[in-house]
Amino acid sequence: MKILVPTKRVPDPDQPIHLNADKTAADLSGIPCIINPFDAIALEEALRIREEERSQAGSDIEIVAVCIGPQACEKEIRIALAMGADRAVHVVSDEYIDSWVASSLLKAVVDKEQPDLIIMGKQAIDADNNQAGQFLAHHLNWPQATFASEISFEGDRVKVARETDTGIENVSMTLPAVITTDLRLNEPRYASLPAMMKAKRKPVDISTPEDLGVAVEPRVEIISMETLSAKRNCVRVNNVDELIAKLKEAGAL
Amino acid sequence: MKILIIAEAQGSEVRHASRSAITLAKNVVAAENGDIEIAIIGDDIAAAAKAASAYAPTFTLSDALFSHPTADRYGAAIAQIAQQRGADLVIAASTSHGKDCVARAAAALGGTMVTDATACENRDGKLIWQRTMHAGGVAAWVAAHGSPVVVTALQSAYEPAEPTGETSVTALNIDVVALPSAIQFDSVTTKQSDRPDVTEAAIVISGGRAFKTAEDYERLIGGLADKIGGGTGSSRAAVDAGIAPNENQVGQTGKIIAPDLYLGIGISGAVQHLAGMKNSKIIAAINTDDEAPLLDYADFALIADAYEAIPEMMEKL
Ligand SMILES: Cc1cc2nc3c(=O)[nH]c(=O)nc-3n(C[C@H](O)[C@H](O)[C@H](O)COP(=O)(O)OP(=O)(O)OC[C@H]3O[C@@H](n4cnc5c(N)ncnc54)[C@H](O)[C@@H]3O)c2cc1C
Ligand SMILES: Nc1ncnc2c1ncn2[C@@H]1O[C@H](COP(=O)(O)O)[C@@H](O)[C@H]1O
């Protein structure tokens, strides 16, 4: 079995966002970046499925990480390899990639790689789109289970518990399939230093959108961006009575 | 411009979040002109369709196969309806249904989708959309290229529309059996709660990692919410720890809300949490830590132990 895990490079959410000069994109120069947290969870899940499979059936699963983005993504790709991915595909592009273009490029990679399962994040925490997994499942005409908080296998079926607005929904489907991850699925491991060293020798297949025959034509274009601050002037109250009085005075109670 | 709203039924009503999507559609009509239609898909939806027709002419696709929203079948159905109705703009609510099924439909319709829209504007004859990114740290205006454009409306950005008078309900003609069906619905564990949903409550009492057990959370956060007719919310950390149910999660990757009062108790105020509640009208915090980041985003703060302050509040309210 082969599992494909798309991994996007995103700015560290704990750092303040700076915008580029024409205010159409975040300026990432000098900003520490990470693997999109939901993708790290996806990779962790793939690793756990492999570990389980090895101990149960003794057979092996190949895990391939796919990253679309500039040269600088190399660092996060090495982290994915150090976490345990067997190899990586890097689609190098300096252009703005929206979720549609990402899904189209991922489709082209899937056509080449022929994986049995794709596990990916439910959303990239930079653009917060929550689209690419659903788009990719459509391109492939595969079943999808979004927002997974639990994944298990039963015969040739994969069972997924999904986090929805109203509770946990259980669905099942046959492979190949697309699963997108929610936070509760697992807690990703860290890449150890020795693993980082070893990862340097793992293969990375480099290509471009042109090589894959995909035109980079974003459907959603960013016209302008503005950073927001929502800070308020906080009044410290001394006790519960005062809090209730203030809230009543403000018309909130 | 032909606007199609994909509405969700909730019993015999139109779901609150879908009524916010209707308000977005009305804003588009105000900015650019257009006709609004509503589509409802489901099983046993006659009453909800009738309710929907009080907002705009309503089209229904009703079949036992739609008893649960599986994304491949629903996505294909939504795409076919949008094509049949000649929609230029498809609007749905930013719910898990909107993100799952409507996003899949958007791919079938050409992939032009704006998630979590908070505003729209007619700029030089073209509609542009506002949405937040980077956990609410950035507001962006975006242009959507292609047709139809699929938009999900962020519920907290729009007041729910009010009915304007009954119009028509028409059944759609779609070959339901031919739709894809590779996803099997097995079961659902829905919450049994009499409290208003966190996205609909005017007052939200929200608890974080400060609570030690699910029982404490229910007794204190739930108890205070019941006392004042509010809903309950939580941080992700409380969900992860099994203290609060996941459908209560407020934040970047949970529910984004803007109630009249948000009372965050034992919540530190991580950026991901702030993204979900910082537009609330009044924000109050109770925390033992005077330096908790949430306090910078609050109107009022009480430095106190939740286990003491909440029982006292319940007694005094
Ligand atoms: C990709 C990603 C997405 C995320 N999405 C979300 C999201 O949507 N929503 C979300 O909430 N989080 C989200 N998180 C998690 C977020 O980063 C924080 O970890 C989380 O919000 C912290 O929850 P907390 O404030 O309850 O816990 P903590 O940060 O542990 O804070 C607990 C607070 O309780 C106070 N306290 C302790 N004891 C008491 C007491 N007895 N009385 C009063 N106060 C007390 C402490 O002073 C502290 O301020 C996300 C994280 C990631 C990586
Ligand atoms: N540039 C990219 N490279 C690799 N994976 C991506 C990229 N963009 C999106 N994805 C994948 O798609 C998921 C959802 O992203 P989005 O729909 O853009 O929020 C992410 O969690 C990734 O798994």
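Note that the structure is predicted; figures quoted are calculated from it, not measured. Heavy-atom basis, side chains included; hydrogens, waters and symmetry copies ignored. Residue numbers start from 1 in every chain, and the chains themselves are labelled A, B, ... in the order their sequence lines are given, proteins ahead of strands.
Between the CG atom of Asn246(B) and the CD1 atom of Ile168(A) there is a distance of 4.0 Å, given to the nearest 0.5 Å. Between atom OG1 of residue Thr115(B) and atom CD of residue Gln131(A) there is a gap of 3.5 Å, rounded to the nearest 0.5 Å. The CH2 atom of Trp141(B) lies 10.0 Å from the CD atom of Glu226(A); values are rounded to the nearest 0.5 Å. Atom CG of Leu243(A) sits about 8.5 Å away from atom CZ of Phe300(B), to the nearest 0.5 Å. If you take OG1 on Thr253(B) and CD1 on Ile125(A), they are separated by 9.5 Å, rounding to the nearest 0.5 Å. One finds the OH atom of Tyr297(B) at 12.5 Å from the SG atom of Cys234(A) (value rounded to the nearest 0.5 Å).
Between chain B and the residues Val237(A), Leu19(A), Asp98(A), Asn238(A), the largest count of heavy-atom pairs under 4.5 Å involves Val237(A). Counting heavy-atom pairs closer than 4.5 Å to chain A, the top-ranked of the candidates Arg123(B), Met133(B), Gln130(B) is Met133(B). Comparing Ile283(B), Thr199(B), Ile286(B), Val114(B) by heavy-atom pairs within less than 4.5 Å of chain A, the highest count is held by Ile283(B). The residue among His138(A), Arg162(A), Glu242(A) with the most heavy atom pairs within less than 4.5 Å of chain B is His138(A). Contact count versus chain A (heavy atoms, under 4.5 Å) is highest, among Met313(B), Glu308(B), Lys281(B), for Met313(B). For the set Asn170(A), Thr180(A), Val171(A), Val220(A), the entry with the most heavy-atom pairs within less than 4.5 Å of chain B is Asn170(A). When each of Val160(A), Ile244(A), Leu228(A) is scored by its heavy-atom pairs under 4.5 Å with chain B, the top score falls to Leu228(A). The candidate from Pro180(B), Gly110(B), Gly254(B) with the greatest count of non-hydrogen atom pairs under 4.5 Å with chain A is Gly110(B). The candidate from Thr227(A), Thr24(A), Val240(A), Thr146(A) with the greatest count of non-hydrogen atom pairs under 4.5 Å with chain B is Val240(A). Ranked by heavy-atom pairs shorter than 4.5 Å toward chain B, the options Lys122(A), Lys248(A), Lys159(A), His139(A) are led by Lys122(A). When each of Ser187(B), Ala182(B), Ala103(B) is scored by its heavy-atom pairs under 4.5 Å with chain A, the top score falls to Ser187(B). Put simply, of Thr70(B), Asp116(B), Asp186(B), Leu261(B), the one with the most heavy-atom pairs under 4.5 Å next to chain A is Asp186(B).
Proximity of a side-chain donor or acceptor of Asp72(B) to a complementary backbone N or O of Pro143(A) within less than 3.5 Å is not detected. Side chain of Lys255(B) to backbone of Asp165(A): a donor-acceptor contact under 3.5 angstrom is found.
No more than 12 heavy atoms of other residues, nucleotides or ligands shown are found within 6.0 angstrom of CD on Glu154(A). Within 6.0 Å of NZ in Lys23(A) there are 12 or fewer heavy atoms belonging to other residues, nucleotides or ligands. Other residues, nucleotides and ligands place more than 12 heavy atoms under 6.0 Å from the CG atom of Asp12(A). In this structure, Lys112(A) places its NZ atom where only 12 or fewer heavy-atom neighbours from other residues, nucleotides or ligands lie under 6.0 Å away. Heavy atoms from other residues, nucleotides or ligands lying under 6.0 Å from CD of Glu210(A) number more than 12. With a 6.0 Å radius and a threshold of 12 heavy atoms from other residues, nucleotides or ligands, Glu221(A) has its CD atom above the threshold.
If you measure heavy-atom distances from Ala284(B) to chain A, the contacts under 4.5 Å come from the side chain alone. For chain A, the nearby part of Gln272(B) is the side chain; its heavy atoms alone come within less than 4.5 Å. Residue contact with chain A, scored on non-hydrogen atoms closer than 4.5 Å, involves the side chain of Ile203(B) exclusively. With a threshold of 4.5 angstrom between heavy atoms, Gln144(A) approaches chain B through its backbone and through its side chain. Only the side chain of Ala26(A) comes within less than 4.5 Å of a heavy atom in chain B; its backbone stays farther off. Contacts of Val198(B) with chain A are absent, with no heavy-atom separation under 4.5 Å from either backbone or side chain. Looking at Arg15(B), the atoms closer than 4.5 Å to chain A (heavy atoms on both sides) all sit in the side chain, from C-beta outward. Both the backbone and the side chain of Leu183(A) come within contact range of chain B, judged by heavy atoms closer than 4.5 Å. Heavy-atom distances place the side chain of Phe147(A), and not its backbone, under 4.5 Å from chain B. Contact of Asn141(A) with chain B is made through backbone and side chain together, with heavy-atom distances under 4.5 Å. Pro11(A) touches chain B through its side chain: at least one heavy atom from C-beta onward sits under 4.5 Å away, while N, CA, C and O do not. Of the two parts of Ile282(B), the backbone and the side chain both hold a non-hydrogen atom closer than 4.5 Å to a non-hydrogen atom of chain A.
Between Asn130(A) and Lys99(B) there is a side-chain heavy-atom pair separated by less than 4.5 Å. When side chains are defined from C-beta on, Lys246(A) does not count as touching Asp299(B), because their heavy atoms never get closer than 4.5 Å. Looking only at side-chain heavy atoms (C-beta outward), Glu169(A) and His68(B) stay at 4.5 Å or farther from each other. Two residues are said to be in side-chain contact when any heavy atoms from C-beta on lie closer than 4.5 Å; Asp290(B) and Arg236(A) meet this criterion. At least one side-chain heavy atom of Arg236(B) sits less than 4.5 Å from a side-chain heavy atom of Arg184(A). Contact check for Met113(B) versus Arg219(A): no side-chain heavy atoms found under the 4.5 Å cut-off. Proximity of Arg232(A) to Asp296(B): side-chain heavy atoms (C-beta onward) are nowhere separated by under 4.5 Å. Under the 4.5 Å side-chain criterion, counting only non-hydrogen atoms from C-beta, Gln184(B) is not in contact with Met173(A).
Electrostatic pairing of Arg131(B) and Asp128(A) does not count as a salt bridge here, judged by no charged N lying under 4.0 Å from a carboxylate O.
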Please walk me through it: do Ile128(B) and Ile223(A) pass side-chain contact (heavy atoms from CB on, under 4.5 Å)? CA-CA 9 Å; Ile128(B) 59 168; Ile223(A) 305 171; 3.5 Å; yes
Let's go through Glu247(B) and Glu163(A) carefully: what are the C-alpha distance in whole Å and the side-chain angles of both, what is the deciding distance for side-chain contact (heavy atoms from CB on, under 4.5 Å) to 0.1 Å, and is it a yes or a no? CA-CA 8 Å; Glu247(B) 55 271 18; Glu163(A) 292 195 10; over 6 Å; no
Intermediate values then yes/no, salt bridge (charged side-chain N to carboxylate O under 4.0 Å, His left out), Asp241(A) and Lys316(B): CA-CA 8 Å; Asp241(A) 292 312; Lys316(B) 290 181 169 162; 3.2 Å; yes
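A donor atom on one side chain and an acceptor atom on the other are not found under 3.5 Å apart for Asn239(A) and Glu312(B).
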